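Below is one structure, written out as structure tokens, with a few remarks after it.
Computed from a prediction, not measured in an experiment: that's the story for all the values here.
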Amino acid sequence: QVQVVESGGGSVQPGGSLRLSCAASGFTLDEYTIGWFRQSPGKERAGVSAISYSGRYKYYGDSVKGRFTISRDNFKNTVYLQMNNLSPEDTAIYYCATPRQRHYYTTPIRHDEYFHWGQGTQVTVSS
């Protein structure tokens with residue numbers, strides 16, 4: 001059974017950093033693209049970053065380019081999202097997810113193309 005579980009959220013001050021983890025089970029990372037999305041109250045779920053199933057391609061939304069870095073550890077079957085220089089606008093629940101199909105990667109990432117979702121982890125940036 002394909003499952004993903006997020007962790008690593010928390011509260012930080014503006015300019016701070018957090019690293020989110022997305023632990024995968026029921027599949028290996030070379031089978032599915034992993035996408036990160038975020039949603040704040042009253043807003044639609046938005047694509048933040050993704051790493052292709054091959055690991056060769058990475059996607060970043062315009063609002064996070066240069067601040068966020070996605071990576072993966074195949075041995076731990078885990079994808080990471082390193083978030084630096086955080087601002088209050090980054091406050092949201094962050095979700096990782098996989099598309100319905102294996103070996104599927106397209107950008108920009110859209111939440112309606114992703115099927116297996118984690119429960120989310122809260123990130124709050126506030127002074």
Side-chain angles (χ1 to χ4, degrees):
Q1 185 178 0
V2 175
Q3 288 187 325
V4 290
V5 178
E6 307 92 338
S7 61
S11 295
V12 295
Q13 293 186 338
S17 298
L18 281 174
R19 188 178 78 159
L20 304 183
S21 299
C22 175
S25 61
F27 66 99
T28 56
L29 295 180
D30 61 357
E31 294 184 83
Y32 285 94
T33 291
I34 297 290
W36 282 99
F37 297 80
R38 65 187 182 186
Q39 188 168 23
S40 51
K43 292 188 177 180
E44 194 170 303
R45 194 167 295 191
V48 174
S49 183
I51 186 165
S52 68
Y53 54 90
S54 68
R56 185 179 304 175
Y57 303 106
K58 298 178 181 180
Y59 164 82
Y60 298 98
D62 288 342
S63 62
V64 306
K65 282 180 183 176
R67 301 188 299 123
F68 290 13
T69 303
I70 193 168
S71 63
R72 74 186 199 185
D73 184 327
N74 293 334
F75 181 75
K76 294 182 178 179
N77 218 34
T78 299
V79 170
Y80 303 99
L81 186 68
Q82 177 67 44
M83 307 186 297
N84 297 330
N85 193 21
L86 287 162
S87 71
E89 290 69 34
D90 296 312
T91 295
I93 299 175
Y94 284 70
Y95 300 89
C96 67
T98 79
R100 185 186 297 269
Q101 308 100 307
R102 288 181 174 85
H103 306 136
Y104 180 84
Y105 176 75
T106 187
T107 62
I109 59 173
R110 291 169 35 184
H111 66 85
D112 57 351
E113 293 181 335
Y114 281 68
F115 182 73
H116 302 103
W117 292 86
Q119 81 290 348
T121 186
Q122 176 71 48
V123 171
T124 302
V125 185
S126 173
S127 55

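With a 4.5 Å cut-off between side-chain heavy atoms of Ile, Leu, Val, Met, Phe, Trp and Tyr, the cluster of Phe115 takes in none.
Atom OH of Tyr114 is separated from atom CZ of Arg100 by 13.5 Å, given to the nearest 0.5 angstrom. Put simply, CZ on Phe68 and OG on Ser17 are 9.5 Å apart, with the number rounded to the nearest 0.5 Å. One finds the CG atom of Leu20 at 13.0 Å from the OH atom of Tyr95 (value rounded to the nearest 0.5 Å).
Taking hydrophobic clusters as Ile, Leu, Val, Met, Phe, Trp and Tyr residues chained together by side-chain heavy-atom distances below 4.5 Å, Leu81 shares a cluster with Leu18. The hydrophobic cluster containing Val123 also contains Tyr60, counting ILVMFWY residues as joined when their side-chain heavy atoms lie under 4.5 angstrom apart, directly or transitively.
Heavy-atom minimum distance, Gly120 versus Ile93: CA-CG2, 3.9 Å. For the residue pair Arg67 and Asp90, the shortest heavy atom distance occurs at NH1-OD2, 2.8 Å. Residues Ile34 and Cys22 come closest through the heavy atom pair CG2-SG, 4.1 Å. Considering all non-hydrogen atoms of both residues, Glu31 and Tyr53 come closest at C-CB, 3.8 Å. Annotation for Trp117 and Val4: closest pair C-CG2, 3.8 Å, computed over non-hydrogen atoms. Shown here for Lys76 and Tyr80, the closest heavy-atom pair between the two residues is CD-OH, 3.6 Å.
Arg72 contributes a side-chain N or O that, together with a main-chain N or O of Leu29, makes up a donor-acceptor pair within less than 3.5 Å. A donor-acceptor pair is defined here as one N or O able to donate and one able to accept, closer than 3.5 Å; such a pair exists between the side chain of Gln119 and the backbone of Glu6. Side-chain N or O atoms of Thr91 include one that pairs as donor or acceptor with a backbone N or O of Val125 at under 3.5 Å. Asp73 places no side-chain N or O within donor-acceptor distance of the main-chain N or O of Thr78, the cut-off being under 3.5 Å. Not a single donor-acceptor pair under 3.5 Å links the side chain of Asn77 to the backbone N or O of Gly26. Although no hydrogens or angles enter the test, the distance criterion places no donor-acceptor pair under 3.5 Å between the side chain of Tyr57 and the main chain of Ala50.
Cation-pi check for Arg45 over Phe37 is not met; the charged atom does not lie both under 6.0 angstrom from the ring centroid and within 45 degrees of its normal.
Under the 4.5 Å side-chain criterion, counting only non-hydrogen atoms from C-beta, Glu113 is not in contact with Pro99. Side-chain contact between Ile70 and Val79 is present, with at least one heavy-atom pair separated by less than 4.5 Å. Counting heavy atoms from C-beta outward, Ser49 and Lys58 have side chains that stay 4.5 Å or more apart.
Inspection of the Ser126 and Thr124 side chains reveals no N or O donor paired with an N or O acceptor under 3.5 Å.
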Take His116 and Phe27 through the side chain to side chain contact (heavy atoms under 4.5 Å, CB included) test and state the conclusion after the steps. CA-CA 12 Å; His116 302 103; Phe27 66 99; over 6 Å; no
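Checking Tyr105, Tyr59, Tyr104 one by one against Thr33, the side-chain contact (heavy atoms from CB on, under 4.5 Å) holds for a single residue, Tyr105.
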